[in-house]
Amino acid sequence: MGNNQLKSFIRDVPDFPKKGIVFKDITPLLKDPRAFREAVDAFTEHYRRQAVSLVVAAEARGFILGPTVAYNLGAGFVPVRKPGKLPYLRKKATYQTEYSTDSLEIHEDAVRPGDRVLLLDDVLATGGTMAACCKLIESMGGQVVGCAFLVELTFLGGRKPLGGHDVFSLVQY
Ligand code: AMP
């Protein structure tokens, strides 16, 4: 199964969660054993030789792929969550997405100087979410090895706010 076949497992949902947004629903891909394995293997293969020490991903959909890829890479997993969810001392970043303004938090001791961090999410839209995550990681002394996505909406130019970071996506629109 190639990346073009993966595309057939991604469902367009018009006007969700707001009018004018075409939501890329990855649940059909997650449900299909071959497609799910293909996607996880593609991320693992791409980063296998990069000595990733931590995979960091934001809720909610980042929590599905993030730990799976971390397990395969022999890396740890660090959650990034909406405000008020993490129990311990936190660092916060505020950012814009394709359809909202939002904040995310990470535990302040979750990333250490020298950590090699892979950031993972389902969709790259405007890049605001991922840029905020990169800033959090770098403010803690971590090195961003890559920003990886199942889906990249190229027409929204999400690579730009990610500056010089390595960006890898499995499926592009
Ligand atoms: P952005 O910060 O604009 O790149 O938005 C990325 C975040 O919002 C990701 O966590 C996605 O899960 C979600 N998102 C934004 N646009 C879409 C879309 N069209 N379909 C599905 N998820 C999206």
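Just so you know, these numbers use all the heavy atoms, side chains as well, and skip hydrogens, waters and symmetry mates. Counting starts at 1 for both ligands and their atoms, following the listed order.
- For the 3.5 Å distance criterion, the side chains of Tyr47 and Asn72 fail to qualify, holding no donor opposite an acceptor.
- For Arg90 (side chain) and Tyr88 (main-chain N/O), a donor-acceptor pair under 3.5 Å exists by modelled atom type.
- Relative to the ring axis of Tyr173, Lys7 places its NZ or CZ within 45° and under 6.0 Å from the centre.
- Taking CD of Gln50 as the reference point, atom CD of Gln143 lies at 9.5 Å (rounded to 0.5 Å).
- Taking a 4.5 Å side-chain heavy-atom cut-off between Ile, Leu, Val, Met, Phe, Trp and Tyr, the cluster of Val22 contains only that residue.
- Enumerated by chain and number, the residues approaching ligand 1 to less than 4.0 Å through a heavy atom are Val22, Phe23, Lys24, Arg61, Gln96, Thr97, Glu98, Tyr99, Asp121, Asp122, Val123, Ala125, Thr126, Gly127, Gly128, Thr129, Leu153.
- Ring planes of Phe168 and His46: parallel class, angle under 30° (limits at 30 and 60°).
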